[in-house]
Each structure stands twice: as structure tokens, then as C-alpha cells.
Novice: 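To start, I am sharing the structure in question, which I have written as C-alpha cells.
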Number of protein chains: 2
Amino acid sequence: MSSNKKNKALELNPNVSIDNIIFGFDFDQLYCLLIDSGISKTTGRPRLAVPGDLIYDNETLDEAANRILKELTGIDNIYLEQIGAFGDPNRMGKESDKEWLKSMRAEPEARVITVAYFSLVKMDDFNPKASSFAESAGWAPINEIHELAFDHYEILQCAREQLKRKIKIQPIGFNLLPEKFTLSQLHKLYESILNKALDKRNFRRKILNLQILTPLNEKQVGVPHKPSQLFEFNEEKYQKLSSEGFDNFGF
Amino acid sequence: MSSNKKNKALELNPNVSIDNIIFGFDFDQLYCLLIDSGISKTTGRPRLAVPGDLIYDNETLDEAANRILKELTGIDNIYLEQIGAFGDPNRMGKESDKEWLKSMRAEPEARVITVAYFSLVKMDDFNPKASSFAESAGWAPINEIHELAFDHYEILQCAREQLKRKIKIQPIGFNLLPEKFTLSQLHKLYESILNKALDKRNFRRKILNLQILTPLNEKQVGVPHKPSQLFEFNEEKYQKLSSEGFDNFGF
DNA sequence: TTAGCTGAGTGTCATAAACACACTTTCAAA
DNA sequence: TTTGAAAGTGTGTTTATGACACTCAGCTAA
């Protein structure tokens, strides 16, 4: 439990980390960005984890979360939201976690509280590349993830729940889509996040009533069916709804 | 990391604390439990703060939050929910905060990340008493709190927002009321939390439609007006609504 | 004893949102 | 020119919302 902080600015805080659930969407399903730190000697399986790092003592938590995102993906200015802190004393207690900690951390025994975030990125903005602390990174379909290092699987489930809750009261889903998109793509996105089928006509009516979409003079091209109208979202209206929410319980 | 519980003091984690926004309701307005650590030498004003403490290395965050609640109020088994982590490097940077830290902390310069919780208590369950790290504790009307130590004022505002959001999708408000209560008391509670007037008839209709209340064969006595029907809430239905939520955006 | 005060309790109508549901259109490829 | 694939569109029913005003029961004080 060190706290020898002579040189605060440059020092990693060995007790607090950030883990960042990065969501993407490919018009078909939700993905999560994972890093693979190699084959575990104890389990013989790849050791998949969510990107994260210890924080520096001179950065805020939000800055640290943005830094991790930037270091890994090279992109900035991404939708980012805190999920909360995870601090079970045994959260890093699996054998394969200990093995990794010994090889990577100056104080492998230190108790680390992690602050989890989730972010929403447009999948084609990001071209995975190796980061300084993982051998590789890549998108994994959310429904195919069944096990992760540390308590990352649990954090992922919390992130999904929070996203589900949030998308019903703020139009943040647009962060997962490109500038121009079709109503069907948006529809599929909502179905993927909420994990259930939504009636097409009712969905379209509701979204259009929010008046958050601007139809473009443009259609899909080259598709083997009736081409779809493209939309962009209305930034102004979006800001308004984002701050007010559009909650509806009635009170 | 030692797990020698004989000497807990050695296991205090100097980098992570818990702060707990404790809400109460007196049938008229919302209150927050504050501790007063004495007159600040630098400001000459009382130094009011939310109860909190560093965590021990062998407890989970939830356990630490419960411990703080128990140490201060003597009560257990309280509704408790995490708000999130607050970690601005300058969150303890006010002069009056530094003064206090020097007198109370082994490592006054250490950067401390705090994990905030809020809890809902039945006000008459709690009889304020001095705790080990504050000279006194007491209920303050939420609307009369304008300044607090550290970043506690900001945390309080987040807590109010979270409570507002939450009460619309889960019936957690009941935690602030005694076993038996009237519809008017519940109505006033919702108005206090949401900070706006709600139509009496519409409110009663909606709450009764949730079928979460069981009318008792009991009325108020000794009131100088028509005595009010008392209700208790239906635990079973409450659990069901709590887990499902009763969100209503329509999707 | 009665008049007056206080808050409890109650119903309806108009409007808006939700939900369920099936066929036609447009384009590309075979 | 036929076929397959997804886009796009409307209505009727049901349910929830929001606005709104008077009577009732019990206490107190004249």
C-alpha cells in the first residue's frame, strides 16, 4: 500500500483503475471491444479482457477513461459514461488474473478498485491496432462473450443494463451509427440493445414523432431491394432531448 | 496484502473512501444527514460534510457503505445504492478541507477517490448520535444545503438526480416511509423528490393502479380533519416491480 | 351546540399514446 | 420477366394521461 507521492504528476496510482466497455454496432448486432493478452498458462485459453489501465494521479477519472480509449483506438471525442465503481477485494482473484498481474504490475498484490465506463463508437471509425498493454484488440459480438478476465464479465452485464435503461430516456444510440443511416438500421440497433423485437410501424412512428431525424435527399444505392431513405439526426433537437430526457412515466 | 483483521487500522486503504448521502423524509420535506466536524479555522464557518470514511482493504464497497451507515446511525439493512465514483484530483483542494485532512488523516496529501452511495432511511428509525469522526450529526433540509466540504455538494446533487430518476421506475420511495402511511404522505414524498406539484387525483389513481398498496383497517386518529386511510405496501408486488421496473417509454 | 377550519376523498371527459396487424413498392439478380 | 428481399405505409382499439371542483369527517373554539 504505497503512498509515496513525491512526483505526483507522473505517478500511476496502483489502487485505482479504469475499465472501459466499448460498444460498437455493425447494423446487425452489438459488439464489445476486447483485448487479448495472450494464452493463459493456467487455463490454456486466451485471456480476454476489457481495455483498462491504472489511473495517473494528476488526471480525473473521465480523463483517464478518455485516455484509455484514445491509446487503444486512436479516437477522441467519444460518448463516454461512467457505470460505477467495482471493488470486491477478490475481483482479481482468479489464478489466470494473478499470473497476468505478476507479469504486468509493479505491485501485483495491491488491491485495485476499478471505475467502469462504457463508450459508444461508430464501428468504422475504428481500426483495431495493438496497444501498449495488450497484444491485440478486436470486436467481439456481445452475445458470444461468456467469460472475461477479472470481474469484466460482470461489468459488461452492468454496462448492457445501463445502456438499455439509458436508451429509453436519451437518444444516445445515434453515437453507434454513422452520420447517415436508415430507419431500419436504427430499428435494428434498438432491437439489439433492448434484446427484443419491436414492431416496425410503431417504432418508425415513435422515432419520427420525436422529430430528431432529418430526412436527406439521398437513398441507399446498389441494394437488391427497394432503397431506403437516409436520415441524419438533428443536433439541436438531440441536445434538447439529451438534457431533458424523454421519460414518460407520467409524473 | 494482509488479512489480519485484528488490526484493522493497518488495513485502511488511504486512496479510496466512501461517502454516503443519507436521505430522510418527515412527511413535509426531504432531509440529508450531515456531520459537522467543527468550526473551520480558515472560514470561521461550521464544516458540514456527508458521512464517509476510508475503506478497509478487506471489505467490499457495499460493505464499507453499510458500515459507515451503521457506525453513524446504528441501523442496518437499509436501502443503499451506489451513485458512482468521484475522483477529481482537486476534489479535496479547498483550504478548509486541507486543514481538516491534516488533523484527521495519516496521509493528508494522498489523492482519494471516493465512491458515493445514497441510502433511504425512515427518519424515526434514527436518533442522531456522535460518531467517531464527527463531533455531531443531524438532519438538514435538503433545500437549505448550499455548501459542503470537499465535493460533497456536487455528490448530493447527483444523488438527488439519481433518486428522481429511480423513483420513476422503481417504487423505492417506500423506504423513506414508516410501515403504515397515508396516500397523502406518499404523495408529498413524490412531490418532494420530483420537486414539482402533482395532481392529487391523478397521483392516487396511478399509485393504486400499481396495486402495490394494501389498505389497512386503520385510520389516522386525533387529526383535526377527516382521518386518512392507512396503507402498507405489498412486499411481493413490490419485489416484482422492483426487479422489473415499471418503465413505460413503450419499447 | 354549532360554525368554521382542515385536509381526505372522489369521477368524468377529452386527448394522446400504445399496440396489433398485412399489403404494396422498388430494386437487383437470375 | 420473374423472383427474392427489404422498404414503406394506415387504421381501429385500447389504455393512460391530464385537467378539473365539490362533499365529507373530525376537531376546535366561540
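Chain letters run A, B, ... following the sequence lines, proteins first, then strands; residues in each count from 1.
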Novice: What is the separation between atom CG on B/L230 and atom C1' on D/dA25, rounded to the nearest whole Å?
Specialist: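 Those two atoms, CG and C1', are 15 Å apart.
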Novice: Rounded to whole Å, please give me the gap between CZ in B/F203 and P in D/dG18.
Specialist: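 Taking CZ of B/F203 and P of D/dG18, I get 13 Å after rounding.
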Novice: Where the side chain of A/P224 is concerned, which of C/dA28, C/dT10, D/dA7 is the nearest nucleotide?
Specialist: C/dA28
Novice: To the side chain of A/K226, which of C/dG9, D/dC27, D/dA7 is closest?
Specialist: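 Output: D/dA7.
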Novice: Ignoring hydrogens and geometry beyond distance, is the side chain of B/R205 in donor-acceptor contact with the base of D/dG18 at under 3.5 Å?
Specialist: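 Per atom types, the contact qualifies.
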Novice: To the nearest Å, how far apart are B/D28 CG and C/dG7 C1'?
Specialist: 14 Å
Novice: Ring-plane angle category for A/F23 and A/F118, please: parallel below 30°, perpendicular beyond 60°, tilted otherwise.
Specialist: perpendicular
Novice: Just the rounded figure in Å: distance from P of C/dC13 to CG of B/N202.
Specialist: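 B/N202 atom CG is separated from C/dC13 atom P by 15 Å.
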Novice: On DNA chain C, check which nucleotide each of A/H225 and B/D199 is closest to and give me the residue with the more 5' one.
Specialist: B/D199
Novice: What's the NZ-P distance between A/K200 and C/dA18, to the nearest Å?
Specialist: 20 Å
Novice: Rounded to whole angstroms, how far apart are NZ on B/K219 and P on C/dA8?
Specialist: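 Rounded to the whole Å, the gap is 12 Å.
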Novice: Of B/Q229 and A/P227, whose closest DNA chain C nucleotide lies nearer the 5' terminus?
Specialist: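 First, find each residue's nearest nucleotide; the 5'-ward one identifies B/Q229.
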Novice: Can you tell me the distance, in whole Å, between the CZ atom of B/R204 and the P atom of C/dA8?
Specialist: 7 Å
Novice: In this structure, how many angstroms lie between the P atom of C/dT25 and the CG atom of A/L183, rounded?
Specialist: 20 Å
Novice: Are the aromatic ring centres of A/F174 and A/F181 under 6.0 angstrom apart?
Specialist: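 Yes: the rings meet the under 6.0 Å criterion.
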Novice: Nearest to the A/K206 side chain among D/dG18, C/dA18, C/dA8, which nucleotide is it?
Specialist: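 Output: C/dA18.
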Novice: Roughly how far, to the nearest 0.5 Å, is CG of A/D124 from CG of A/D26?
Specialist: 10.0 Å
Novice: Strictly under 6.0 Å, is that where the ring centroids of A/F150 and A/F86 end up?
Specialist: no
Novice: For a quick test of reading the model: is some side-chain N or O of A/S228 closer than 4.0 Å to OP1 or OP2 of D/dA6?
Specialist: no
Novice: If only side-chain N and O atoms of A/S184 are considered, is one of them under 4.0 Å from the OP1 or OP2 phosphate oxygen of D/dA6?
Specialist: no
Novice: Between A/F203 and A/Y190, is the ring centre distance below 6.0 Å?
Specialist: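 Centroid separation for A/F203 and A/Y190: below 6.0 Å.
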Novice: Considering only side-chain heavy atoms of B/R201, which listed nucleotide, C/dA8, C/dG11, C/dC21, is closest?
Specialist: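 Output: C/dG11.
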